[in-house]
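Bear in mind that the values here come from a model prediction, so they are computed numbers and not experimental data. Values below: all heavy atoms of this structure, side chains included; hydrogens, waters and symmetry mates excluded. Each chain gets a letter, A, B and so on, in the order its sequence line appears, and its residues count up from 1.
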Amino acid sequence: MQFSTSEMRRAIERYLSHSTSASRCLLVIVATIPYMLMYLTMHGWGLSSPEVRAGLHVEMLWAVQGLLGFTLCALVGLALWLWPRQRDPAPRPWAEFAVAMLVGEVYTTFAILVGPFSAGPVLVLMGISAVGLLLFQWRVMMVATVLCSGALLVYDALMLWFDAPYGPAITVGAFAHGASRWWLTFWQTMMLAVSLPVLVVMITLLFASQEALHRRLRRLSTTDDLTGLVNRHHFMGRLTSELARQQRSGQALSLVLLDADHFKRINDVHGHATGDEVLVVLAQALSASVRAPTDLVGRLGGEEFAILLPDTALVEAEAVCTRLQHNLRDWPFPMLPTPATVTVSMGVVQSLGFDAEAILRQADANLYRAKAAGRNQAVYAVLRATQAAQATEAAP
Amino acid sequence: MSRWLLRLDTWLRERHPARSTVLFCLATLPWLGMLWVFQAYALWDPEVRVLFDPARLRLVHTVLGLLILWLSLLGGLAWVRRGRPGGCGPVLGHLVVTPTLLMVITLWLLYGLLDTPLGLMVMALLIVARALFALRFVLPGLVLGTGLMLVWATLQAQDLIGASPLLAAPVFTGSGLSWWWALWLRVVFNASAWPFAAALLYLFSSLGRHRAELEALVRTDRQTGLCNRREFMNRLGLESHRHERSGQAMSLIMIDLDHFKRINDTHGHPAGDVVLAHVGALIRAALRQHVDVAARMGGEEFAVLLPDTDLAGADRVARKLGAALRMANFSFDGQPLTVTLSAGVAQARGGQGDRALRVADANLYKAKQAGRNQVVSSLV
């Protein structure tokens, strides 16, 4: 169920992003015409059967047939006008409005004639509004909806103050004769059979795309567009929450600040596009070298990355960094001329009881030292609460 | 108005189980209560009672009353737990949604499937339920209700069940409506159709809003509010094409903040972020809206695209930006700080925007070499 919903939603979203306003109008016209033909036939059959006619106001039914005929002609005419323009991307609010009103006017009339407060025709109107809201401009549908429901309200006023009959097309006879009653029941059941599935599917799809949109928004606000790693903002948030957890667990955490060596040169020599590709591959190498899913790799900006290692002492952090350097030694960078390797400099800190600011500053200082010492290496430090001075050691 | 819509948006987005349950009960109790009051009056007034089958009405009325009690109880329970992070688990959702859906569908079938507006209430209820809960909470009620309707329709087609088993005669029999049904139909219709239509319009408009938000987010750099590099390169391609056709001048500025790494190192990354955001605001303020395009190209590097602007004009803009940044008073850790920028300017020729970008970059490099805090301009 979940799977088919999302498949359908994607198909519809693809259609919506690639279709023109004219082709959407055409789609609605093509989808409506069979139903109108069905009702045209059903009314014709009712008019030809004396038993059915006995239960109905015949002149009303003839008027409806006329209206249906006019609407069908107008829709076909509009379709013929739209057909050569279906690839033209111009927005066509007036064509959309015409389609919405032509369809809406028929079913509003139906609703009034069989009793405006019954479920069938009104549910059809709702279904039409839902489909229209999906395909047409919001404003267009807003106006069409107001006009159609306005007509229902006007008729209600006529009933209240001018004694207009409820369900003017139907007489007592419609419920007395077998054939007439059957005809009316069939007519009304068709309304429900058409509208209910459409509405349920529309509501399901509406919320499915709403939820998909929220998921995408959340992902976008936490990840870096280029590499797919978490972004700086989210990384800092995770660092803060890990520090809060640390206060309870008493376990040390380690942080690696990491910078691609001579990255500016790659950008200058091969161009920014190649530089971006290198960053993407580097991000993959980083993700492959950490212990998923506990370790968090983030891109802080430019060619600067960071790895958060919760509950990790310096010894284990060192193992991670060594593995990373080892992996990078023969990690393929197909966008660079061979033989090309990308190396990184790292500043690593183990901390217990320090705030994010102090940790980052120390890691940055270590990174700077690693760069100064000739790059492609890591500089380690332990931040201890008792001694402000750090035991530092350099490793290759 | 829009603030309330936004708040509703966040509530709906949160999907906190207890809060959703509270909202569901608040939304559905008026509907159920309204139907209950109507039925209570019908039971009390003998003139109206004759329109119903009294024994069945009493039974249905009792069940509806029990459901209202049930929802009030669970709603109250959820209210007490609304502040807890986990709320009360998913059970509460199932316990309120499924019975309510089934109850209203059953009422629809009992009052008359074809001539009452209760179907609209079912749809409105469906939207409320789906807005507040995930699909799996709504599905049981939906599937059971659909099954019930299909069975019912089959039995009705065989004439085993009347059109309105709860009533003495269907609501609408072709002759005029009794005053009671005229009132009942109107109230139930208006109480269901308008909220349903409003919910539909609101949901589609909020979908559109979120889509626009998403598109904006994809295009912008979050720290500065300027465009990101991808969007800048897109716009550069477009504007180059236009510039080639129109023959109007087009210029580019590349900007780099001087010694930015030092700010990050001495005052920490948050200070660097403040400077970046400020530069973003300065650039935005200095440009023509909807015409010029400014982007953060990465790190502390910015780019500005100025359509219909010649080299002298672009040079002026770059110098103005440099002066504005020099005048800005930053203060970190109690120390005042002056930030400067270097800029390279170039004017495009013959639709070659990317070539102009390279020249601007080279000019920026020259500005850096010549001691920073200056602007270097040249034609392509």
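- Side-chain atoms of B:Phe260 and B:Leu276, non-hydrogen and from C-beta on, do get closer than 4.5 Å to each other.
- Put simply, the side chain of B:Leu167 reaches to within 4.5 Å of the side chain of B:Trp181, judged on heavy atoms.
- Here the CE-CE distance, from A:Met126 to B:Met123, works out to 10.5 Å after rounding to the nearest 0.5 Å.
- Interatomic distance, OG1 of B:Thr146 versus CD1 of B:Ile105, reported as 6.5 Å (0.5 Å rounding).
- Within the 3.5 Å criterion, the main-chain N or O of A:Ala164 finds no donor-acceptor partner in the side chain of A:Tyr155.
- Both the backbone and the side chain of B:Ser205 have a heavy atom closer than 4.5 Å to some heavy atom of chain A.
- At a 4.5 Å heavy-atom cutoff, A:Leu367 makes no contact with chain B through either its backbone or its side chain.
- Heavy-atom distances place both the backbone and the side chain of A:Leu133 under 4.5 Å from chain B.
- Distance check: B:Met254 CE to B:Asn363 CG gives 11.0 Å after rounding to the nearest 0.5 Å.
- Of the listed residues (B:Arg186, B:Met297, B:Met149, B:Arg211), the greatest number of heavy-atom pairs within a distance under 4.5 Å of chain A belongs to B:Arg186.
- For B:Ala131, the parts sitting under 4.5 Å from any heavy atom of chain A are the backbone and the side chain alike.
- The number of heavy atoms from other shown groups lying within 6.0 Å of CH2 (A:Trp161) does not exceed 12.
- Residue A:Glu357 touches chain B through its side chain alone, counting heavy-atom pairs closer than 4.5 Å.
- Most heavy-atom pairs under 4.5 Å with chain B: of the set A:Val200, A:Leu125, A:Asp364, this distinction falls to A:Asp364.
- Each of B:His210, B:Met121, B:Arg130 has some count of heavy-atom pairs under 4.5 Å with chain A, and the biggest count is that of B:Arg130.
- A perpendicular orientation is assigned to the rings of A:Tyr107 and A:Phe110, their planes being inclined by more than 60° (bins at 30° and 60°).
- Tested against A:Leu300, the residues A:Asp224, A:Asn231, A:Leu257, A:Val230 include a single side chain to side chain contact (heavy atoms under 4.5 Å, CB included) partner, A:Leu257.
- The number of heavy-atom neighbours closer than 6.0 Å to NE2 of A:His270, taken from other residues, nucleotides and ligands shown, is above 12.
- Both the backbone and the side chain of B:Leu113 have a heavy atom closer than 4.5 Å to some heavy atom of chain A.
- Atom CZ of residue B:Phe232 and atom SG of residue B:Cys227 lie 8.5 Å apart, to the nearest 0.5 angstrom.
- For chain A, no part of B:Asp221 is nearby; none of its heavy atoms comes within less than 4.5 Å.
- Using a 4.5 Å cut-off between heavy atoms, A:Pro116 contacts chain B through its backbone alone, with no side-chain atom that close.
- Looking at B:Tyr365, there are no atoms closer than 4.5 Å to chain A (heavy atoms on both sides), in backbone or side chain.
- No part of B:Gln156 comes within reach of chain A, as not one of its non-hydrogen atoms sits under 4.5 angstrom from that chain.
- Using a 4.5 Å cut-off between heavy atoms, B:Ala193 contacts chain A through both its backbone and its side chain.
- Note: B:Trp184 and B:Tyr111 meet the aromatic proximity criterion, with ring centroids under 6.0 Å apart.
- Other residues, nucleotides and ligands contribute only 12 or fewer heavy atoms inside 6.0 Å of the OH atom of A:Tyr368.
- Of the listed residues (A:Asp156, A:Thr189, A:Leu199), the greatest number of heavy-atom pairs within a distance under 4.5 Å of chain B belongs to A:Asp156.
- In terms of non-hydrogen atom pairs under 4.5 Å with chain A, the most contact-rich of B:Phe189, B:Phe204, B:Trp108 is B:Phe204.
- Comparing A:Leu160, A:Leu184, A:Asp163, A:Val114 by how many heavy-atom pairs each has under 4.5 Å with chain B, the most go to A:Leu160.
- Listed options A:Arg361, A:Glu303, A:Met202 were ranked by heavy-atom pairs under 4.5 angstrom with chain B; first place goes to A:Arg361.
- The candidate with the highest count of non-hydrogen atom pairs below 4.5 Å against chain B, out of A:Ser149, A:Ser129, A:Gly120, is A:Ser149.
- Chain A forms the most heavy-atom pairs under 4.5 Å with one residue out of B:Leu207, B:Ile127, B:Val122, B:Asp115, and that residue is B:Leu207.
- The candidate from A:Thr185, A:Leu134, A:Leu360 with the greatest count of non-hydrogen atom pairs under 4.5 Å with chain B is A:Leu134.
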